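By convention here, the first residue in the shown sequence is residue 1. A quick note: this is a predicted structure, and the numbers were derived from the prediction, not measured.
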Amino acid sequence: MGARRRRHARRLLASACLALLLPPAATTYTHLFGERVSVRIDRCERQPRYGHECHGSWTDGDGQRHSTTVSHAGPEDVGQTVDARLGPGPMDAHAGSLWPDAPLYLPAVVLAVCVPLYLLVRWRFDREVKDTARRLLDAPEHFLVLEVNRGGAVRPGGEEHLRVRFGDPDMPVPEGADRRRFASARRPDGKIAFVVERRAGEVLMLDADGRPEAIVPHLALQSDRPRVEAPDGRLLGEMATTRGHTGDVHSVLDAGGAEVGRFARLRRRTWVLCLSPDCSAVLADAVLAYLFTAGRAA
């Protein structure tokens, strides 16, 4: 599963957990902190799915009469006055204890067990990814090792390798193009190494003169194994999830499928990229362009 899909899945999971926790939370708040009222049960109607629904009324301090549904009242209470607490907003009044609402708390119990387990597993995965990233930092000197984030790429000792600037007014872009979609990657001497163009669903890497050299296409369709292609569609390489690792560790493969590099997430917004001398310059720059943008180093 790609990084974008994992983030989407986590958002859906968080929304589902919140939806499961809202009913018991609102019920508990009503039972403990809701306004105390004496409600006269006026009528109860049988519902086909969940027994009876009872309606009652009460008078507030200003003499105004109000009506609402009352939880945990039954036909035997019609005509009687019961103590209840008013729920927040459109919620009904709550009479009696919390025991009848016990089924509402089952999701909370399940989440209380599952969420810590998920966090523990996630912590272990994150630790393994960080350990992998740290091992990449210790690669032999003839390998190109970089820490990559949205601002650029630096060597492990802090020496600047590339500096990224989005909307650079001095970089070459096609006439009439929106400059905000482009970013320059400059060497320490200030010269442009390459230009990155962000398009819908793809990333282009252009040379210093603005000519396309590589493209990472169809990102939404190949988030687990992005391809790097030449402008004519010829395969230059791939960024595949490394076997035996999570989606935060990727292998850089050349056109023949040989591994010529690897990158792993060191921190939330920082990757460690390690490239062997066998990696072509075009493939190396395309991988960096990907990490600067769609690879979520940003």
Side-chain angles (χ1 to χ4, degrees), residues 1-35 49-50 71-72 85-138 147-151 156 219-220 222-226 239-251 262-274 290-291 293-298:
M1 182 182 293
R4 185 174 301 176
R5 293 181 182 177
R6 290 200 307 275
R7 286 193 299 273
H8 184 62
R10 285 197 290 267
R11 292 192 189 103
L12 288 178
L13 179 61
S15 299
C17 292
L18 182 62
L20 289 173
L21 291 175
L22 278 178
T27 299
T28 302
Y29 175 86
T30 300
H31 181 77
L32 296 177
F33 306 108
E35 179 186 354
R49 293 185 178 180
Y50 51 89
S71 298
H72 312 316
R85 287 182 180 266
L86 299 180
M91 286 192 62
D92 57 10
H94 189 278
S97 69
L98 289 174
W99 281 110
D101 294 310
L104 279 177
Y105 293 86
L106 182 60
V109 174
V110 174
L111 289 176
V113 175
C114 293
V115 169
L117 288 177
Y118 167 78
L119 294 177
L120 175 63
V121 172
R122 184 65 195 177
W123 174 79
R124 292 191 61 181
F125 281 154
D126 288 345
R127 186 178 65 174
E128 291 177 5
V129 171
K130 289 181 181 179
D131 289 343
T132 300
R134 293 189 183 102
R135 287 194 295 270
L136 294 179
L137 289 172
D138 296 329
E147 292 186 23
V148 185
N149 57 39
R150 182 183 176 90
L219 289 171
Q222 53 169 349
S223 58
D224 290 332
R225 197 181 180 95
M239 294 171 280
T241 301
T242 304
R243 186 182 300 274
H245 289 272
T246 67
D248 285 335
V249 181
H250 291 261
S251 294
R262 186 173 291 189
F263 57 88
R265 192 182 294 275
L266 179 64
R267 293 182 292 276
R268 182 170 177 264
R269 295 173 180 247
T270 303
W271 297 86
V272 173
L273 173 64
C274 178
Y290 172 80
L291 292 178
T293 54
R296 303 311 299 176

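- The aromatic rings of Phe263 and Tyr290 sit tilted relative to each other, their planes meeting at an angle between 30° and 60°.
- Between Val272 and Ala133, the shortest heavy-atom distance links the atoms CG1-O, 3.7 Å.
- Between Val113 and Pro116, the shortest heavy-atom contact is O-CD, 3.5 Å.
- Every residue two or more places apart in sequence or in another chain that forms a side chain to side chain donor-acceptor pair (under 3.5 Å) with Ser71 is listed here: Asp92.
- Atoms CG and OG1, from Leu137 and Thr132 in turn, are 11.0 Å apart once rounded to the nearest 0.5 Å.
- Not counting sequence neighbours, Val109 has no partner by the side-chain contact (heavy atoms from CB on, under 4.5 Å) test.
- For the residue pair Arg267 and Glu147, the shortest heavy atom distance occurs at NH2-OE1, 3.6 Å.
- Trp271 CH2 to Leu266 CG: the interatomic distance, rounded to the nearest 0.5 Å, is 11.0 Å.
- Taken to the nearest 0.5 Å, the NE2 atom of His250 stands 11.5 Å off from the CZ atom of Arg262.
- In terms of heavy atoms, His94 sits closest to Thr30 at CB-CG2, 3.6 Å.
- Partners of His31 by side chain to side chain donor-acceptor pair (under 3.5 Å), not counting sequence neighbours: none found.
- Judged by distance alone, with hydrogens and angles left aside, the side-chain atoms of Ser251 form no donor-acceptor pair with the main-chain N or O of Thr242 at under 3.5 Å.
- Leu13 pairs by the side-chain contact (heavy atoms from CB on, under 4.5 Å) definition with Cys17, not counting sequence neighbours.
- When the options Leu120, Leu119, Asp126 are evaluated for a side chain to side chain contact (heavy atoms under 4.5 Å, CB included) with Trp123, the one that passes is Leu120.
- With sequence neighbours left out, the side-chain contact (heavy atoms from CB on, under 4.5 Å) criterion links Asp131 to Arg127, Arg134, Arg135.
- Considering OG1 of Thr270 and CZ of Arg265, their distance stands at 9.0 Å, rounded to 0.5 Å.
- A search for ring-ring contact (aromatic ring centres under 6.0 Å, His included) contacts involving Tyr29 returns Phe33, not counting sequence neighbours.
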